[in-house]
Amino acid sequence: MTALLEVEGLHKAFRGVRAVDGASLAVRAGSITGLIGPNGSGKSTTIDCISGFQSSDAGTIRFDGQDLRGLPPQAIARRGLTRTFQDVRVYDGYSLLDNLLVVDKPFQGLGWSGALFRSRAWRERRGRAEARARELIELVGLTRLIDAPAVVLSYGQKKLLAFAAAMMSEPKLVVLDEPVAGVNPTRINEVAEILRRANRGGTAFLIVEHNVDFISALCDHVIVYDRGRKLTEGPPAAVHRDHRVLEAYLGVAPAEPVS
Ligand code: ADP
Ligand code: MG
């Protein structure tokens, strides 16, 4: 089995704070992989390094046979790896449709003259992008708001829009940073179902999330982080039985039975 994403010996420090301290992890093509761990254990920094939003100090990041280290986010997205952010990022003043179309711009590669003169290639590309955007808005259940400005969306709906934007370029892997944090609990199952559907289309996911029930229900593989590196990994059920995971979260060792 070859991994789609393979990270080895990743390091990233901020003024002496070792946010990521020798982390290694792999994500299988087509999988839904969870990344959990206590607050401050380096999950967000890891995915910032993977997606090019932070430079790493050392380590290797291989994706689909290519070395990603040192590449900017846009170049990484073109290679098939996109992400969402813990703090939701959408263009409030743009319609839902335009929020997705704007993502396609750097991928068009047709230059300003193509756009200016509305060349045939430009129109075809634009037509395909719009069809894809409509499909994705349908997938996340926001079709009735497609022409509304994103500002009218609830927090959870904005997260779904940001997810749709990350799917625009037909990536092989999408990294999601806390997709259901702050989302109305009655809506969390819907998010899981949307991710499952997208995954059946072939997209792999690496999901950072605190909601353990969500991760257990969705992921085939879970990586547990502690202090900047992988503590353990395995199927969700096995990870939950692992006493080291509890220790990491509680910051203490559970009491030993007295003999
Ligand atoms: P997690 O996502 O697991 O909660 P983070 O990756 O956000 O963890 O943070 C890991 C550690 O790195 C924390 O101690 C955090 O305070 C620190 N850290 C993260 N980003 C920065 C930054 N930009 N500058 C300084 N310290 C940071
Ligand atoms: Mg985080």
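These values consider heavy atoms only, across backbone and side chains, with no hydrogens, waters or symmetry-generated copies. Read the numbers this way: they start at 1 and go in the same order the structure lists the ligands and their atoms.
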Exercise. Identify, by atom number and element, the atoms of ligand 1 in contact range of S44, meaning under 4.0 Å from any of its heavy atoms.
Key: 1 (P), 2 (O), 6 (O), 7 (O)
Quiz item: Among all protein non-hydrogen atoms, which one is nearest to atom 4 (O) of ligand 1, and what is the separation to 0.1 Å?
Solution: G40 N, 2.7 Å
Self-check item: side chain to side chain donor-acceptor pair (under 3.5 Å) between Q54 and T45, intermediate numbers included
Solution: CA-CA 7 Å; Q54 281 283 357; T45 306; over 6 Å; no
Quiz item: Among all protein non-hydrogen atoms, which one is nearest to atom 14 (O) of ligand 1, and what is the separation to 0.1 Å?
Solution: V17 CG1, 3.9 Å
Quiz item: Would D67 and R69 pass as an ion pair if we require N to O under 4.0 Å?
Solution: no
Self-check item: Any side-chain donor near an acceptor of the partner, S95 and D147, under 3.5 Å
Solution: no
Exercise. Dump the intermediate steps for side chain to side chain contact (heavy atoms under 4.5 Å, CB included) on L4 and R28, then the final yes or no.
Key: CA-CA 5 Å; L4 176 62; R28 224 166 16 88; over 6 Å; no
Quiz item: In terms of atom number and element, which parts of ligand 1 are under 4.0 angstrom from non-hydrogen atoms of N39?
Solution: 4 (O)
Practice problem: Kindly state if atom 16 (O) of ligand 1 has a protein heavy atom within a strict 4.0 Å cut-off, that is, under 4.0 Å? | Solution: no
Quiz item: Taking distance alone, with no angle check, do K43 and ligand 1 share an N/O pair under 3.5 Å?
Solution: yes
Practice problem: Classify the ring geometry between F53 and F85 as parallel (under 30°), tilted (30 to 60°) or perpendicular (over 60°). | Solution: perpendicular
Quiz item: Within T45, is some N, O or S atom less than 2.8 Å away from the Mg ion (ligand 2)?
Solution: no
Quiz item: Should V140 and V191 count as side-chain neighbours, where that means a heavy-atom distance under 4.5 Å?
Solution: no
Quiz prompt | Atom indices of ligand 1 within 4.0 angstrom of T45 heavy atoms, with elements | solution = 5 (P), 6 (O), 9 (O), 19 (C)
Quiz item: Considering only protein heavy atoms, which is closest to atom 8 (O) of ligand 1, and at what distance to one decimal place?
Solution: G42 N, 3.2 Å
Exercise. For residues F214 and I207, report the shortest heavy-atom separation together with the two atoms involved.
Key: CE2-CG2, 4.3 Å
Practice problem: Would you mind checking which non-hydrogen protein atom is closest to atom 27 (C) of ligand 1, with the distance to 0.1 Å? | Solution: F14 CD1, 3.2 Å
Exercise. Salt-bridge test for R227 and D21: reply yes if a basic N is under 4.0 Å from a carboxylate O, no otherwise.
Key: no
Quiz item: Can you tell me the protein heavy atom closest to atom 12 (O) of ligand 1 and the distance?
Solution: A19 CB, 3.2 Å
Quiz item: Right, does atom 19 (C) of ligand 1 have protein non-hydrogen atoms nearer than 4.0 Å?
Solution: yes
